[in-house]
Amino acid sequence: MQGGGEAHGAGSADGELRKATGSDDCESGEKKEGDDFSDISDSELLSLQEAAESCDAYIEGEGLEMVDGVTSPGKIDATTSPEGQLHNSAGLSCSEMPGPPEVTQRKRKQESLNPLQKYHMRYLAVTDLCSQMWCEQQMVYKIEQPADLLPEKTAAMNEGSSIHLARELEVHDVVSVTTRNREDSWAIKCLNILAMIPVLQSGGRIREFPVFGELDGIFMVGVIDELAYSSSGELELRELKTRATPTLPRLAQKRTHELQVCVYKLLFDGMVSGVLQSECLIQILNLRPEQELGPEVKEHAIQSGLTVSTLKDIIELTFLNLTFSELPRIDSLKLEYCYQGDGAFLGCDIVNFKEKSVMEQVTFYLSFWKGQREIQGVDIEDTWKCRMCNYSNICEWRTQRTNTAPYRTMAKRLK
DNA sequence: ATTGCTGAAGGG
């Protein structure tokens with residue numbers, strides 16, 4: 001049986017702050033190729049930061065050279081306790097025994113919960129939708145898997161992460177900040193947005209822009225890989241996909257990438273056009289608006305020239321900046337593919353954004369989370385995905401499909 | 001608290 005109903009993730013206590021830097025080469029805008037970013041020491045980080053501060057004023061155009069902060073291990077705050085698992089009664093396999101009344105009651109309640117409630121999720125990540133699109137059943141197995149038994153990340157994923165980090169560091173510093181609670185984490189997110197807005201306004205390029213908002217009644221959170229202006233002055237979203245093989249992805253995979261960037265656009269456009277209210281954010285996420293920010297977070301806010309003391313302050317400031325900065329909506333969506341092996345460019349795609357079609361897809365995927373429809377595994381023609389799935393041996397969808405396959409074959413033969 | 005909560009993306 002699945003251990004269903006565990007908390008969604010255990011979470012580290014740290015946040016990451018993106019610092020626009022000028023560093024030494026504010027003017028040169030040179031980029032060092034082939035730097036190894038993985039082992040920059042703390043002292044180096046500090047000196048780079050100082051350099052950045054001394055040249056704070058000019059965040060313009062190309063001069064944005066970025067350097068690194070490596071998240072320091074150790075420093076484990078007394079934040080999320082690892083106990084995270086709520087052992088609800090859903091996993092009880094005593095079907096014959098009626099059990100005490102309160103257990104039956106709890107069980108009934110459990111069954112009436114939608115997946116969002118069942119897994120204690122206040123929001124979804126944009127990439128949750130993408131894995132859902134790949135295989136909804138696989139995504140659920142992953143969520144239900146106890147955290148300590150989760151399959152390790154593949155080599156391709158790790159390689160992808162490090163390539164993305166290296167690219168990010170070309171554009172700005174990453175400084176790790178100790179956060180004490182969710183309020184602190186959201187404050188860091190806001191600080192990052194506040195730092196990136198002026199860069200965008202002055203025509204610069206940014207990476208890892210946080211986006212969020214409500215879509216079809218469900219709160220969604222994501223991070224835009226890259227935003228920049230094209231030669232024709234359009235605001236372009238770029239999503240880099242690194243590949244373990246020097247080939248372009250199959251259609252099934254490309255579709256998930258397309259949905260990802262389309263949802264980013266929906267969220268970003270909503271943010272700059274003031275669709276989301278700050279009270280709404282606070283309420284949906286159940287944040288404490290009057291919560292004093294942690295000392296490290298405050299310190300970074302002050303460094304950015306902000307006088308804020310509570311989460312409410314910083315959220316309101318962020319929302320004001322977003323709506324009054326007259327940032328454009330995203331004009332074009334671009335997927336870029338390159339080979340992990342030698343960095344070779346494999347191709348790129350311009351994604352056609354059709355709001356109606358995107359919303360239809362979003363509505364379909366979200367309807368699962370709302371409990372409006374049954375779970376759905378891969379279509380019969382996509383069963384090749386099962387060959388690389390960790391759960392294929394226990395997959396109920398697969399069993400069910402195998403049992404019905406002969407009929408489908410017959411039907412096909414009969415035309 | 002008979003209640004609470006999550007870095008997202010990472011690639012197939």
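Letters A, B, ... are given to chains in the order of the sequence lines, protein chains preceding strands, and every chain is numbered from 1. Note that the coordinates shown come from a computational prediction; the quantities given were computed from them, not determined experimentally.
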Note to self: Could you walk me through whether A:Glu292 and A:Lys298 satisfy the salt bridge (Lys or Arg N to Asp or Glu O under 4.0 Å) test, starting with their C-alpha distance in whole Å, then the side-chain angles of each, then the deciding distance to 0.1 Å, before giving a yes or no?
What the structure shows: CA-CA 9 Å; A:Glu292 282 286 310; A:Lys298 263 188 184 168; 2.6 Å; yes
Notebook entry, point to check: Between A:Tyr264 and B:dA9, is there a side-chain N or O to OP1/OP2 distance below 4.0 Å?
Noted result: yes
Next item on the list: If a pair satisfies ring-ring contact (aromatic ring centres under 6.0 Å, His included) and one of its residues is in residues 351-392 of chain A, list it, with sequence neighbours excluded.
Entry: A:Trp134-A:Trp384, A:Tyr141-A:Tyr391
Notebook entry, point to check: Which nucleotide in the set B:dA9, B:dC5, B:dG7 lies at the smallest distance from any side-chain heavy atom of A:Lys189?
Noted result: B:dG7
Notebook entry, point to check: Please give, in whole Å, the distance from B:dA8 P to A:Ile188 CD1?
Noted result: 13 Å
Note to self: Rounded to whole Å, how long is the line connecting atom CE of A:Met157 with atom P of B:dA8?
What the structure shows: 16 Å
Check: In whole angstroms, how far is the P atom of B:dG12 from the CH2 atom of A:Trp134?
Finding: 8 Å
Check: Between A:Arg122 and A:Leu285, which heavy-atom pair has the shortest distance, and what is it?
Finding: CD-O, 3.6 Å
Next item on the list: Rounded off to whole Å, could you give me the CE-to-P distance for the A:Met139 and B:dA8 pair?
Entry: 16 Å
Next item on the list: Could you state the atom-to-atom distance from CD of A:Glu136 to P of B:dG12 in whole Å?
Entry: 22 Å
Notebook entry, point to check: Considering only the C1' atoms, how many Å lie between B:dC5 and B:dA1, rounded to the nearest integer?
Noted result: 13 Å
Notebook entry, point to check: Ignoring hydrogens and geometry, is there a side-chain-to-backbone donor-acceptor pair from A:Tyr339 to A:Thr242 under 3.5 Å?
Noted result: no
Notebook entry, point to check: Can you check whether A:Arg243 has a side-chain N or O nearer than 4.0 Å to OP1 or OP2 of B:dG11?
Noted result: no
Next item on the list: Find which nucleotide of DNA chain B each of A:Met388 and A:Thr127 is nearest to by heavy atoms, and output the residue with the more 5' nucleotide.
Entry: A:Thr127
Check: Looking only at side-chain N and O atoms, does A:Thr256 come under 4.0 Å of OP1 or OP2 in B:dG12?
Finding: no
Check: For A:Asp225 and B:dA9, what is the distance between atoms CG and P respectively, to the nearest whole Å?
Finding: 10 Å
Next item on the list: Kindly indicate whether the side chain of A:Glu208 and the base of B:dG7 share any N or O donor-acceptor pair separated by less than 3.5 Å?
Entry: no
Item checked: Nearest-neighbour nucleotide for the A:Arg122 side chain, B:dA9, B:dC5, B:dG11 considered -> B:dC5
Note to self: For B:dA8 and A:Tyr123 - does any side-chain N or O of the residue sit under 4.0 Å from the phosphate oxygens OP1/OP2?
What the structure shows: yes
Margin query: Need one value for A:Gln260: base, sugar-phosphate or nothing, where a base atom within 4.0 Å counts as base even if backbone is also close, heavy atoms only.
Written below: sugar-phosphate
Item checked: Residues that A:Pro328 engages under side-chain contact (heavy atoms from CB on, under 4.5 Å), provided they are two or more places apart -> A:Tyr229, A:Leu235
Margin query: Of the options B:dG11, B:dA8, B:dC5, whose atoms approach the side-chain atoms of A:Val223 most closely?
Written below: B:dA8
Next item on the list: Would you kindly give the CZ-to-P distance between A:Phe268 and B:dA8, to the nearest whole Å?
Entry: 18 Å
Notebook entry, point to check: Looking across every strand, which nucleic acid part, if any, lies under 4.0 Å from A:Asn286 by heavy atom: base, sugar-phosphate, or nothing?
Noted result: sugar-phosphate
Note to self: How long is the straight-line distance from CZ of A:Phe268 back to CD1 of A:Ile224, given to the nearest 0.5 Å?
What the structure shows: 6.0 Å
Margin query: So A:Phe219, base contact, sugar-phosphate only, or nothing? Heavy-atom distance under 4.0 Å.
Written below: nothing
Next item on the list: May I have the distance from A:Leu124 (atom CG) to B:dG7 (atom C1'), rounded to whole angstrom?
Entry: 15 Å
Margin query: Assuming nearest nucleotide by heavy-atom distance, tell me which of A:Gln138 and A:Val221 is located more 5' along DNA chain B.
Written below: A:Val221
Next item on the list: Classify the nucleic acid contact of A:Ser161 as base, sugar-phosphate or nothing, counting any heavy atom under 4.0 Å across all strands shown.
Entry: sugar-phosphate
